Protein chains: 2
Amino acid sequence: MRNHALVKGMQRAEVARRTGTNLETVRYYEKVGLLPEPPRTQSGYRNYDTTHERRIRFVLRARELGFSLDEIRALLRLVDERDQPCADARVVAATHLEDVRAKIADLRRMELVLKDVVKQCGDGTLPACPLIETLFRENAVT
Amino acid sequence: MRNHALVKGMQRAEVARRTGTNLETVRYYEKVGLLPEPPRTQSGYRNYDTTHERRIRFVLRARELGFSLDEIRALLRLVDERDQPCADARVVAATHLEDVRAKIADLRRMELVLKDVVKQCGDGTLPACPLIETLFRENAVT
DNA sequence: GTGCAGTCTGTAGCGGCTACAGGCTCAAGA
DNA sequence: TCTTGAGCCTGTAGCCGCTACAGACTGCAC
């Protein structure tokens, strides 16, 4: 049984395909310390297994939620090193949630102004352009 | 009258201070073609006037509204070259408005998930961490 | 054996700045 | 007059999160 080539691994292209990651991104994540260095074949090819795949998925899901790579590194360190990571992980997530809310607030301010100027521009046949005048005026956003 | 050293200009530090721009950013905007090259003094110092200041403010306001430098270049080209820039400018702004709305939608999705996991984590004393389990699970964001 | 696809490495590029090194210039003070 | 220090000049490198490409090697099919 053990001789059955214990859990045959996969190469970079396969793990990328299975996780929906760009091929180069996998190597990048390894380089920046998000992914442990996989074992290599005799000729130096990387050999991934399901733990790598699982970890890549973690990174991708966290990226989808907008976590920075630094935050993800922190989360993964908690996972790896702490028995009870929840309190610390919660802090990371709560801080990030505040960042996300701040970004939303910024974007909503932009949206309001943009919506207004586009409306004022009407069909664009005005002699003076409200958009351009807004941009030349001070305190466009307030 | 004309001999009165026609409109004495200012140097980079002053125009930066007056517009609230970082000193280096002014040079950067010149380098990437958002700002025309100002005249130089005999010793090569840049000499800005109020038209440069006005243009820098335009760029800053547009940045506050989230326009990319490419979009700003396009807007400025319209200002410089078109008699009636409003129709084209409106298209640039409307397109950007759509981008902003898409970003808001993305962030709101993130916010919902994050809010939920932070809430589930409670005070962080749970044995299993809902946040971390969510990240290891597929389709964190849906 | 020969082709071709896959992998390896290192490096450069994107956007939008920001910062710093190393050299010049300029104005004020001793 | 000489010096000192602040300001300006240039070019270049760094930040983030990838992405892409060059040039060399490997591995598999025909």
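Note that the structure is a prediction, hence the values are computed from the model and not measured. Throughout, a chain's letter reflects where its sequence line sits, starting with A, and its residues are numbered from 1.
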K.L.:
May I ask you to decide whether A/D49 forms a salt bridge with A/R55, counting only side-chain N to carboxylate O separations under 4.0 Å?
P.N.:
no
K.L.:
Apply the side chain to side chain contact (heavy atoms under 4.5 Å, CB included) test between A/I72 and each candidate in A/V92, A/L60, A/L65, A/V59; give the one that qualifies.
P.N.:
A/V59
K.L.:
Any base atoms under 4.0 Å from A/F67, or only sugar-phosphate, or nothing? Heavy atoms, all strands.
P.N.:
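It contacts nothing in the nucleic acid.
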K.L.:
I need the CZ-P distance between A/R46 and D/dT26, as an integer number of Å.
P.N.:
15 Å
K.L.:
If you assign each of B/V59 and A/A13 to its closest nucleotide in DNA chain C, which residue comes earlier from the 5' end?
P.N.:
A/A13
K.L.:
Ignoring the backbone of B/R27, work out which of C/dC20, C/dT9, D/dC8 is nearest its side chain.
P.N.:
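In terms of side-chain proximity for B/R27, the closest of C/dC20, C/dT9, D/dC8 is C/dC20.
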K.L.:
Taking the six-membered ring of A/F136 as reference, does the cationic atom of B/R54 (NZ for Lys, CZ for Arg) lie under 6.0 Å from its centre and within 45° of its axis?
P.N.:
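Pair B/R54/A/F136 counts as cation-pi.
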K.L.:
Check whether any side-chain nitrogen or oxygen of B/N22 sits under 4.0 Å from OP1 or OP2 of C/dG16, and answer yes or no.
P.N.:
no
K.L.:
A/K31 side chain: which of C/dT11, C/dC26, C/dC17 is closest?
P.N.:
C/dT11
K.L.:
Taking only N and O in the side chain of B/R12, is any of them less than 4.0 Å away from OP1 or OP2 of D/dC9?
P.N.:
yes
K.L.:
If I take atom CD in residue B/E30 and atom P in nucleotide C/dC17, what distance separates them, rounded to the nearest angstrom?
P.N.:
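Rounded to the whole Å, the gap is 15 Å.
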K.L.:
For A/D99 and D/dC16, what is the distance between atoms CG and P respectively, to the nearest whole Å?
P.N.:
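Taking CG of A/D99 and P of D/dC16, I get 15 Å after rounding.
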K.L.:
Say whether, by atom type as modelled, one donor and one acceptor occur between the side chain of B/R90 and the main chain of A/G122 under 3.5 angstrom.
P.N.:
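Side chain of B/R90 to backbone of A/G122, a donor-acceptor pair under 3.5 Å: yes, one is there.
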K.L.:
Calculate the interatomic distance between A/E71 atom CD and D/dG17 atom C1'; express it in whole Å.
P.N.:
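Checked: the CD to C1' distance equals 13 Å.
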K.L.:
Check every atom of D/dC9, D/dA20, D/dC8 against the side chain of B/R40 and return the nucleotide holding the closest atom.
P.N.:
D/dC9
K.L.:
Over how many whole Å does the gap from A/Y29 atom OH to D/dG17 atom P extend?
P.N.:
9 Å
K.L.:
Here's a test of your reading of the structure: between B/E24 and B/D70, which maps to the more 5' nucleotide of DNA chain C?
P.N.:
B/D70
K.L.:
May I have the distance from A/E14 (atom CD) to D/dG27 (atom C1'), rounded to whole angstrom?
P.N.:
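Between C1' of D/dG27 and CD of A/E14: 16 Å.
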K.L.:
Spell out yes or no: do the side chain of A/Y45 and the base of C/dG6 have one donor N/O and one acceptor N/O closer than 3.5 Å?
P.N.:
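Such a pair exists between side chain and base.
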K.L.:
Can you tell which of C/dT7, D/dA20, C/dT18 lies closest to the side chain of B/T25?
P.N.:
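The nucleotide sitting nearest to the side chain is C/dT18.
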K.L.:
Are B/D70 and B/S68 linked by a side-chain donor-acceptor pair shorter than 3.5 Å?
P.N.:
no
K.L.:
Between A/S43 and A/Y28, which is nearer to the 5' end of DNA chain D once each is assigned its nearest nucleotide?
P.N.:
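The answer here is A/Y28.
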K.L.:
In whole Å, what is the span from the CD atom of A/Q11 to the P atom of D/dC25?
P.N.:
18 Å
K.L.:
Whole angstroms only, please: what is the CD-P distance between A/Q42 and D/dC28?
P.N.:
12 Å
K.L.:
Hey, are B/E30 and B/R46 close enough for a salt bridge, meaning a charged N less than 4.0 Å from a carboxylate O?
P.N.:
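Yes.
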K.L.:
Select one nucleotide: of D/dG17, D/dC9, C/dC17, the one nearest the side-chain heavy atoms of B/L69.
P.N.:
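Of all the options, the side chain of B/L69 is nearest to C/dC17.
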K.L.:
Looking across every strand, which nucleic acid part, if any, lies under 4.0 Å from A/R63 by heavy atom: base, sugar-phosphate, or nothing?
P.N.:
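If one applies the 4.0 Å heavy-atom cut-off, A/R63 turns out to touch the sugar-phosphate alone, with no base involved.
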